[in-house]
Amino acid sequence: MSETTPASGAADTATAPFRYSAALAAEIESRWQDIWEKEGTFHAPNPAGDLVDPAGADVAAKPHSFIMDMFPYPSGAGLHVGHPLGYIATDVFARYQRMNGYNVLHTLGYDSFGLPAEQYAVQTGTHPRVSTEANIANMRQQLRRLGLGHDPRRSIATIDPEYYRWTQWIFLQIFDSWYDEQAAKARPIAELVAEFENGGREVPGGRGWSELNGAEREDVLGEYRLAYAKEVPVNWCPGLGTVLSNEEVTADGRSERGNFPVFKSNLRQWMMRITAYSDRLISDLDLLDWPEAIKLQQRNWIGRSEGARVDFSVGGVGDGGVGGDRKITVFTTRPDTLFGATYMVLAPEHELVDTIVPAAWPEGTREAWTGGAATPAEAVTAYRAAAAAKSDVERQVEAKVKTGVFTGAYAVNPVSGEPVPVFIADYVLMGYGTGAIMAVPAHDHRDFAFARAFDLPMRCVVEPTDGRGEDPADWDDAFDTYDSVIVNSAHDEGTADGIALNGLSVVDAKAAVTAWLTARGIGEGTVNYRLRDWLFSRQRYWGEPFPIVYDEDGVMHALPESMLPVEVPQVDDYSPHTYDPYDSTSTPKTPLSRNEDWVNVELDLGDGPKKYRRETNTMPNWAGSCWYELRYIDPSNREQVVDPANERYWLGPTEQKPGGGADLYVGGAEHAVLHLLYARFWHKVLHDLGHVSSVEPFHKLFNQGMITADVYRDERGFPVPAAEVEERGGQYFWQGEQVKREAGKMGKSLKNAVAPDEIADEYGADTLRLYEMSMGPLDVSRPWDTRAVVGSYRFLQRLWRNIVDETTGELVVTEEEPDEATLRALHKAVDGIRGDMAGLRFNTAVAKAIELNNYLVKRGSTPRSVAEQVVLAVAPLAPHIAEELWRRLGHGESLAHTDYPVADPAYVVDETVTCVVQVKGKVKARLEVAPSISDAELEALALADPAVVAAIGGAEVRKVIARAPKLVNIVTG
């Protein structure tokens, strides 16, 4: 038998048939899981609808606790022991809350659309629904074995048509809405149309609403809708055959899934206007009890910055001159440096580039600016092709060699009137700001490097404070500071159109130049955001279809609610059309477009049967996880996305939760700017439209750490099975070959995964639960050590022996009244465990439970009243053994709703405290005193102590410092 094997062999069974063994644990756990399921132990009643309390209790008057885990994706590989860490933690807390009188909503659903299932289906030929449903069933069984107290009636899967019917319905609410900036909220698009119709709002372009045809009206509304389709620059991944959101692209410019290269391409895609909510997404973070690190990530991702919009006039095609009827608009956070703008840069994709490139290079064009091309058009075309082959991330990297090319056009600096050359360069992106910058090389590090590379002029306009002179030709780098004054920044000073900024601080100069630009209609103060609209369509089969069709004129129409859900069609060929991973010129072909019978339909949308063509893109996998908290609340409601009474009860705002939301949400920090940002946006739209009372979906967020595991690699660097590695003399060997050990994640690909079923088979699920909760603080990553699991197992064995005789199975508890020492040990432990449970400090809660149990082992006997309190205290952590012991102690019902122990304050406070008495800094006595003793009483007691009197020896007592109840310091002489 190995070191880690529990003592459950045949000999032990013969001599101790009622010992807590792996076999007994399995029998207890299976039986109690069946009881919980049969009796609906963890069913959470709603105030309204079909999940009301069958006993007719007033649920609305009962305190609630809505506890959530982040949506799991059901993998075919099943769970390893790292996956349940958060699930066990939320279950422990949910059980604790339930025992404290809360109506607890705790369930788990499955985020089951998306690329992983589709890729698996393509590889195996198994339909993604078949494989996904099998994975869900396997995962449910694994989680059930852990004893998780979920309400199974509320569990959902995003692939269920009854679920994604409402996903599609929410999409239509967003599609049929626009953001009214004056009201600072979403409003129905019909109200915007009414304003266009009655003249209350001017139609863009100046024509009347009635003069526009259907396609023209839809084009206008598309500029307002919160969900819209438009040709936009997107992240195209030929290797996956789909486009990706910015968040799905790694820092290396590759796909998060599959590690394929990603390219920029202009494609027609569905977008979500999340940018309309930028300010609210930032400000409402103050309503949330979230880790500050996550809040900071969201603020940085949204990237709010204040500055000014500035227009530079520029010439047209062929004129090669300066100024003209076109303009380049830039956003700058430093309008005070406008006089230092000596050139401009456009993103290579900027739509204005084609309209400003002249036929020939202007006279005097430097050779370094041309890229070796004979004409500006040739130079621009070649550079654009090179830039298209790079990802956004690659373009933003601080490359040592700056690249770019002159367009052949000049713009006019609006404050100085000087001509400035217009370049294109790949370090400027269309996705940020306006896709154009005014370059101030003397005061921006990237602009400085570019100007040096292309021999462009520089002008110092912010007085250096580091001792350097004002001639940038002598500088090694840009001077970038806010703490200085403006210089060399005046033009036509004293005239009506003149401007002078010299001597002003940066702040004052910003205000002055912004006012000057605004007065002349060539700029204004504005706010810019790093956040881009959310790319919401994928070229995949396994996703929610859009409830959108197009008529024969190409005008889009939203389907009525009565036609939902638009179900995913059953097809034989669901593989995406992929390309060579490096084929940046390829374009998407959607799997659904191959199913003509599904795509081409005849529908009656209110004006008689007509032919339509369905949208063949599908929604991203993020769609289903944007609102699942609402379906947990009301899982079978066919009339509403959620009953208002149920939503107000579980999510509604309170004094403690001013924005509302789930009471606890546990998951990984990796979703900070993906799921969490998207879900907040959807929730706010639903709030604005009156469908929910809460402003935020998740009030308290807790990020659990990760369980790591050793990875063993052979000489090629390939992982080998960790379970087969042997240690000999501090070195590691696999099949006789020496391997290297390193710390890493746990997972199938690293061949170090440990299945929870293995641990449950060997020790029982309660042991696994206890071990994972005791490994360390919940929010810290910790290494897995199978050898250490036995410690949790032995604790449960000792707990069992304190109550049950291993030979006879009879109770060994006594009917005696516990002595004071035992009561103090019990109530101190209960007090500490309660605080740890409430604070999610489960590792220290386990430690206190072990300490209390060890006390009872040493005591030699356990009074029944103490045993019952101990069982209740550990029940959330090890629920199966606790239920069994509770039943054996004579209780006929589950302890799941029994009151959690409460400490008696009289026993929590120590009866006496040891006070140290020092004379001239040396300890001379230790006194046992009452914790409530005053400083004066303690001083008198110390001065009267014989040992202290002897130490003083008749010397003069100059000072006595008493710090009750633990210290007295006496100074003599």
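Residue indices begin at 1 and follow the sequence shown. The figures that follow rest on heavy atoms only: side chains count, while hydrogens, waters and symmetry mates do not.
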If you measure from the Lys or Arg side-chain nitrogens to the Asp or Glu carboxylate oxygens, is any gap between [X] and [Y] under 4.0 Å?
{"X": "Asp58", "Y": "Lys62", "answer": "no"}
{"X": "Arg769", "Y": "Asp91", "answer": "yes"}
{"X": "Asp904", "Y": "Lys828", "answer": "no"}
{"X": "Asp663", "Y": "Lys657", "answer": "yes"}
{"X": "Asp286", "Y": "Arg299", "answer": "yes"}

Any side-chain donor paired with an acceptor under 3.5 Å for [X] and [Y]?
{"X": "Gln869", "Y": "His827", "result": "no"}
{"X": "Ser112", "Y": "Thr132", "result": "no"}
{"X": "Thr167", "Y": "Trp627", "result": "yes"}
{"X": "Thr822", "Y": "Arg859", "result": "yes"}

### Query
At their closest point, which heavy atom of Ala849 faces which heavy atom of Val874, and how far apart are they?
CB-CG1, 3.8 Å
For the residue pair [X] and [Y], does the interplanar ring angle fall in the parallel (under 30°), tilted (30 to 60°) or perpendicular (over 60°) class?
{"X": "His675", "Y": "Tyr665", "value": "perpendicular"}
{"X": "Phe66", "Y": "Trp650", "value": "perpendicular"}
{"X": "His880", "Y": "Trp36", "value": "tilted"}
{"X": "Tyr96", "Y": "Phe93", "value": "tilted"}

Out of curiosity, [X] [atom1] to [Y] [atom2], how far, rounded to the nearest 0.5 Å?
{"X": "Asp643", "Y": "Asp50", "atom1": "CG", "atom2": "CG", "answer": "10.0 Å"}
{"X": "Leu664", "Y": "Asp289", "atom1": "CG", "atom2": "CG", "answer": "9.5 Å"}
{"X": "Lys848", "Y": "Met837", "atom1": "NZ", "atom2": "CE", "answer": "11.0 Å"}

Using a cut-off of 6.0 Å, state whether more than 12 heavy atoms not belonging to [X] lie near its atom [atom1].
{"X": "Tyr73", "atom1": "OH", "value": "yes"}
{"X": "Lys295", "atom1": "NZ", "value": "yes"}
{"X": "Glu893", "atom1": "CD", "value": "no"}
{"X": "Glu851", "atom1": "CD", "value": "no"}

### Task
Any chance you could lay out the ring pair (Phe, Tyr, Trp, His ring centres under 6.0 Å) test for Tyr771 and Tyr793, step after step, and finish with the verdict?
CA-CA 8 Å; Tyr771 176 64; Tyr793 176 69; over 10 Å; no
### Message
Taking side chain to side chain contact (heavy atoms under 4.5 Å, CB included) as the criterion, tell me which of Ile803, Leu856, Val830 meets it with Val870.
### Response
Leu856
### Summary
Paired with Arg144, the side chain to side chain contact (heavy atoms under 4.5 Å, CB included) test is passed by just one of Glu29, His150, Glu37, Met139, namely Glu37
### ring pair (Phe, Tyr, Trp, His ring centres under 6.0 Å) evaluation trace for His64 with Tyr102
CA-CA 5 Å; His64 66 267; Tyr102 286 87; 8.1 Å; no
